[in-house]
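In this text the structure is predicted, and so the values were computed from the model without any measurement.
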Amino acid sequence: MVRVTVDPLTRVVGPLRLDTEVDENGIITEARSSNMIFRGFERIYRGQDPRDSILLSQRICGVCPVAHSIAAVNALDDLYGVAGSVPKDALVARNINHGLNTISNHLLHFYILWGPDLANPAYGNVLSTFGNLGSSVWKEFLGRFAPISYKIDGEAIPPGSSYVGVIPMKKILHDAGAVIGGKMPHQTVMYPGGVTNNPTASDVQTMSSIMSEVVDFLNATSIGIPFEEWVGNTYMASSPKKAADFFIEHLHELTERSLRTNDLSRSNGWGDLELYSALGSELIGEKILGLPISLKHDKMSGYNDLSKIGFLSYGDFYNVEHEGYEPTSPAGDRFQTSGFMTSSLEYHKFDSDKVTESVKHSFYDDYEGDKHPYEGVTEPFTDPDRIDYQDFSAEKYTWSKAPRYEGIPCEVGPFSRLLIMKEPLVTGLVQLFQDNGYSPFNSFTRMIARMQELFIITNEVIQWITTDLDPNGRFRVDVDMSAAEDSRGMGICEAPRGALGHWVITDNDAKVANYQIVTPSAWNLSPRDSEGVPGPLEHALIGSTISAVDNWLGVDFSNPTGILHVGRSYDPCITCAVHTIDLTGKNPPGMVRLL
């Protein structure tokens, strides 16, 4: 047995430590996920005006601040009793704002954080054993996904065309976010009862123009067919089977066209998504398309005990066909519906009362069992002798709490959202994997879902901007400030990485008495819970191979691509935990300065 530790896992947001034990066959047999920084925001909020949470919470994460502002404003809508009367155009404006940030995040993850893994030299070593086709595939991976300042065996590698190409997209999407949100990041427009900014016709024109540039990028880089054709035949397909059939037939056409010449270039129709779709999966690449090799990402993170995993979505993006919304997010109330799905694909309606957290293995003072966020306690413990990263039996090993839904660890994020909303392509692929004896829960389907959601949200944001948003509409309602006395509110939404919830309780001075935040990465990177059950990432690592392509060239402990791929496939965001230690000792407790 060999101990393999990755600390920190790079190209994620914040420091994540992954400890594993690997057997002589290169199979991971034990895994532990450690979030290495402390999020003190729950303590900062105490005694503050609850309205400050909208601005404060955006400092939790610089990548998805809009999602935190949406969750915070939803909690305040509920607290002040105005959720049911938020005007339709305010809901549209919030959707646009949130959608722009989601698109930006998905592009960041696929191209900057995760994509460079495809240029790992381990793949070059494997692909070189497959002749001209292998060399051609490696050339495409390297030419598209190599990061900046990259070397292999001492030789400088130019940055990939897709890697470089997505950077301007990040900038213009931030520009669009500033148009609708006042500034970006750390926007100023969210407010209980609506938004404080009335978008103008000029704003609409600016955002429309930027979205046209985003679609042009997707057409030129991500897919080899027009955006509308892809969306029309997958997301808008009349059934999951038709969506999956289109997906496979499209890849068949590309493969047949390219195998004779070993030409997998963009000019021959291979967008980034098609390239990964054909080469990333053993089932699709080798079994269905007949390719001699694949990366076998569909054999990673298959959850070996399906009784101990579920899939959760709080629901996201307001229904803009009417004013107001229901804070509990009942099924069908939002564009992406809420729900819980078992590993046997059994759907259940979402019930926020079933969300709890455990701290048995976290760096917080112990409490018995699990607590609902309204009852949550965030008190850092002060006994370093209980921390031992070398001992897998040690109780305390992370700053993350362990969220559970009715006691079950849940994967959250694009795959769960699209599975629960029955999106045709993802649903069709899940069925395809099951029909062929493969687990549908794996790193490959997780990445395909993220890219598919990128297309879906892009399509919807364009609709919200060009059709649903009325600059002459109504954008806010009055708020009765006395409603904040001895009150409470829940704000739930979907951050790009998954289910995000804010829970607030106020005292008789209308100040915050308790505020609890449960982030997507707390769900996905969860430690063991009070029953000793591992979280989704820990669970997914166990049973995966440590080296590239299912240990194709043997076991290489120095380049654990299995850990890198599985870990990054969840798009971890440890920055949702932020240091609050005052090293100067000069500031009184609770003093906050916004930058």
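- R450 forms no cation-pi arrangement with F415, by the criterion of a distance under 6.0 Å to the ring centre and an angle within 45° of the ring axis.
- The minimum heavy-atom distance linking F444 with I284 is given by the pair CE2-CD1, 3.7 Å.
- By the side chain to side chain contact (heavy atoms under 4.5 Å, CB included) test, S104 is found to be paired with K170, L173, H174, residues two or more places apart in sequence or in another chain being considered.
- Side-chain N/O atoms of S265 and S267 include a donor and acceptor closer than 3.5 Å.
- Checked by atom type, the side-chain pair S358/D529 shows no donor-acceptor distance below 3.5 Å.
- A cation-pi geometry, defined here as NZ or CZ lying under 6.0 Å from the six-membered ring centre and within 45° of its normal, does not hold between R334 and F317.
- With values rounded to the nearest 0.5 angstrom, S281 atom OG is found 7.0 Å from I288 atom CD1.
- Between F311 and F441, a ring centre-to-centre spacing shorter than 6.0 Å is recorded.
- For the 3.5 Å distance criterion, the side chains of S258 and N268 qualify, holding a donor opposite an acceptor.
- Ring-plane geometry between F141 and F145 is classed as tilted, the angle between the planes lying from 30 to 60 degrees on a 0 to 90 degree scale.
- Between the side chains of T445 and N442, at least one donor N or O sits under 3.5 Å from an acceptor N or O.
- Side-chain contact of W114 with S569: a donor-acceptor pair under 3.5 Å is absent, judged by distance alone.
- No hydrogens or angles considered: nothing links the side chains of D7 and T5 as a donor-acceptor pair under 3.5 Å.
- Side-chain contact annotation: Y235 with E460, donor-acceptor N/O pair under 3.5 Å present.
- When all heavy atoms of S277 and L251 are compared, the closest pair comes out as CB-CD1, 3.8 Å.
- Going from atom CG of L279 over to atom CD of E286 covers 9.5 Å, rounded to the nearest 0.5 Å.
- Ring geometry, H361 versus Y397: the interplanar angle falls from 30° to 60°, so the pair is classed tilted.
- In this pair, W230 and F455 present their aromatic rings tilted. The plane angle is within the 30 to 60° band.
- Scanning all heavy atoms of the two residues, the minimum distance from E213 to M169 falls at O-SD, 3.9 Å.
- Applying the side-chain hydrogen bond (donor to acceptor under 3.5 Å, both in side chains) test to pairs two or more places apart or on separate chains, those with a residue in residues 543-555 are K299-D550.
- Put simply, the side chain of R3 gets close to the backbone of Q390: a donor and an acceptor are under 3.5 Å apart.
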Under the side chain to side chain contact (heavy atoms under 4.5 Å, CB included) criterion, do H68 and C61 qualify, and how do the steps go? CA-CA 8 Å; H68 277 288; C61 178; 4.1 Å; yes
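- Taking all atoms of both residues into account, the shortest heavy-atom contact from L289 to A278 is CD1-CB, 3.8 Å.
- With ring centers used as reference points, Y123 lies under 6.0 Å from H565.
- The two residues D316 and C493 come nearest to each other via the heavy atoms OD1-CB, 3.6 Å.
- Between the side chains of N105 and R497, at least one donor N or O lies within less than 3.5 Å of an accepting N or O.
- A cation-pi arrangement is found for K422 relative to Y347, the charged atom lying closer than 6.0 Å to the ring centre and inside a 45° cone about the ring normal.
- Rounding to the nearest 0.5 Å places CZ of R528 at 7.5 Å from CZ of F392.
- Looking at R404 and E531, no side-chain N of the basic residue comes within less than 4.0 Å of a carboxylate O on the acidic one, giving no salt bridge.
- Separation of atoms NZ (K401) and CH2 (W523) is listed at 13.0 Å; rounding is to 0.5 Å.
- Under the 3.5 Å distance criterion, with hydrogens and angles disregarded, a donor-acceptor pair is assigned to the side chains of S222 and Y111.
- Residues S338 and A331 approach most closely at OG-N, 3.7 Å, considering heavy atoms.
- Among T29, I28, D19, I546, the one residue that satisfies the side-chain contact (heavy atoms from CB on, under 4.5 Å) test with L541 is I28.
- The distance from atom CD1 of I223 to atom CG of L275, rounded to the nearest 0.5 Å, is 14.0 Å.
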Salt bridge (charged side-chain N to carboxylate O under 4.0 Å, His left out) for E423 and R417? Distances and angles first, verdict last. CA-CA 9 Å; E423 193 277 331; R417 284 194 290 266; over 6 Å; no
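- Side-chain contact of Q431 with D435: a donor-acceptor pair under 3.5 Å is present, judged by distance alone.
- Stacking of R17 on the aromatic ring of Y389 is recorded, both the 6.0 Å distance cut-off and the 45° axial limit being met.
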